[in-house]
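In what follows, a single structure is set out as structure tokens and then discussed.
Below, chains carry the letters A, B, ... as their sequence lines are ordered, and counting in each starts from 1.
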2 protein chains.
Amino acid sequence: MNDVTTKSKILTAARQLFVENGFSGTSMGKIAKLAEVNYSLLFHHFGNKEQLWVAVKQSIARDAANKSKTLPLSNLPFKEFLSQLMANSIKFYRDNSEIIRMINWQRLEPAEQSIGVTLSTESNEWLDAIKHYQHIGNIDKELKPEFIITLILSIVSSAALDPNVLIKDKKDLKAYVDFCVIGLLKAFR
Amino acid sequence: MNDVTTKSKILTAARQLFVENGFSGTSMGKIAKLAEVNYSLLFHHFGNKEQLWVAVKQSIARDAANKSKTLPLSNLPFKEFLSQLMANSIKFYRDNSEIIRMINWQRLEPAEQSIGVTLSTESNEWLDAIKHYQHIGNIDKELKPEFIITLILSIVSSAALDPNVLIKDKKDLKAYVDFCVIGLLKAFR
DNA sequence: CTTAAAATTGACTGATCAGTCAATCATTTT
DNA sequence: AAAATGATTGACTGATCAGTCAATTTTAAG
């Protein structure tokens, strides 16, 4: 029953290699070697490569779920709310590059079953927060909350994920976030 | 000298498979089979797998360059300019999903040399257009043109690329683009 | 202590992988 | 017509791939 150790050693190694090289770029042999574990044990503990891939995705998703809480409190002034929302989201993306890579692999590689890694299951909470700020007059009530969320999310994800030529260091990023917050305030009023 | 036909048959097949499955997800054998060409000919015409991969990237980049022109004319009213810019860009992304997939493969898979497929080399023209609209008073002169471009680009790329739960059909997209244009007009003033 | 169950090992399979090579075929040059 | 050049073929290599299996060791239960 050294099972926990061995199984988790395999999972850790698989996670690292799958995140780095994707499904078809990773071989069971390399996973076994990295985990310092007999090759056959991978199949004993996980069945086959695809089941191991699924297990890795679930493991990453579980970790991500525990670290979420990107949404600030709705009793903040709207400007602060926006500012924190963007900062939190960008930090979340930055801190969870594993998930990001995994999501991107999942998008590109032939989809067996896309259950597993996803982002922003908290959409409903976002919607509620937006509606709240519409109700107290910070956001034009004519604007569709779905559009507002989509807009914010696309800004945030690009800022955090895309390697941007125009925004190089952290100072630039901070300035850019401020620029966006001020712009969004005007846009939504 | 049936070279043109054979070589291009290989390139076409390779392009399809590389775009679908990436570098390590594609085998030379499958390319040969799809191209209906002798296996050894791939090496005779392209050297090895990586050189074929590079050739495919160049081929895609070349095609994309010919189809660019996403930038509207700067003598349009700013609102029309923004509107057309977003529509053109989204259409460009939609029409060139091959390039998009290739860029994403390139981002994920171990980078040998990232020459080849890239987007928005026209950044300078974008900058000039923004500065022009700042000069004639449509955009606040205090705002950094780089930030403005980054913002527009991130909105556009997300709208075109990310599978969005909240925006399903073309009507939604059109409405969303209008929403963004109006918002950006207010934000930049 | 005995026995059953689980963990671990190493040897093995057949398929596929990228790449080579000498021989043949087709075309062009001289 | 002869020679040279390039295109094409098929047979081959050694490495790696995912996966199997029987035998052995370790651990847990009665």
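Between Lys30(A) atom NZ and dA15(D) atom C1' the separation is 11 Å, expressed in whole Å. Taking atom CD on Gln51(B) and atom P on dA18(C), their separation rounds to 15 Å, with Å as the unit. Taking atom CD1 of Ile10(B) as the reference point, atom C1' of dA7(D) lies 11 Å away to the nearest angstrom. In this entry the distance linking CG of Leu42(B) with C1' of dA7(D) reads 14 Å, nearest Å. The distance between atom CH2 of Trp53(A) and atom C1' of dG19(D), rounded to the nearest whole Å, is 19 Å. If you measure from atom NE2 of His44(A) to atom P of dT25(D), you get 17 Å, rounded to the nearest angstrom. dT25(D) atom C1' lies 13 Å from atom CG of Asn38(A), rounded to whole Å. Here the P atom of nucleotide dA18(C) and the NZ atom of Lys33(B) are 13 Å apart, to the nearest Å.
With dT8(D), dT9(C), dG19(D) as the choices, the nucleotide that has an atom nearest any side-chain atom of Leu41(B) turns out to be dT8(D). Taking the side chain of Lys49(B) as heavy atoms from C-beta on, and the options dT8(D), dA18(C), dT9(C), the nearest nucleotide is dA18(C). Of the candidates dT8(C), dT20(C), dA18(D), the closest approach to any side-chain atom of Met28(A) belongs to dA18(D).
Residue Ser40(B) is classed as a base contact, given a heavy-atom separation below 4.0 Å to a base. Using a 4.0 Å heavy-atom distance criterion, Thr26(B) is classed as a sugar-phosphate-only contact.
Ring geometry, Trp53(B) versus Phe23(B): the interplanar angle exceeds 60°, so the pair is classed perpendicular (tilted spans 30 to 60°). Aromatic ring pairs are classed by plane angle as parallel below 30°, tilted from 30° to 60° and perpendicular above 60°; the pair Phe81(A) and Phe78(A) is parallel. Relative orientation of the Phe147(A) and Tyr176(B) rings is perpendicular, given thresholds of 30° and 60° on the angle between their planes.
His45(B) approaches Lys7(B) most closely through the heavy-atom pair O-CE, 3.9 Å.
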May I have the list of side-chain donor-acceptor pairs in residues 10-17 of chain B shorter than 3.5 Å, sequence neighbours left out?
unit_1   : atom_1 : unit_2   : atom_2 : d
Thr12(B) : OG1    : Ser8(B)  : O      : 2.7
Arg15(B) : NE     : Glu98(B) : OE1    : 3.1
Arg15(B) : NE     : Glu98(B) : OE2    : 3.3
Arg15(B) : NH1    : Ser59(B) : OG     : 2.7
Arg15(B) : NH1    : Asp63(B) : OD2    : 3.0
Arg15(B) : NH2    : Asp63(B) : OD2    : 3.1
Arg15(B) : NH2    : Glu98(B) : OE1    : 2.7

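The side chain of His45(B) places an N or O atom within less than 4.0 Å of a non-bridging phosphate oxygen (OP1 or OP2) of dT8(D). Regarding contacts with the backbone of dC17(D), a side-chain N or O of Ser27(A) is found under 4.0 angstrom from either OP1 or OP2. Regarding contacts with the backbone of dT8(D), a side-chain N or O of Thr6(B) is found under 4.0 angstrom from either OP1 or OP2.
For a distance-only test at 3.5 Å, the side chain of Tyr39(A) qualifies as a donor-acceptor partner of the base of dA18(D).
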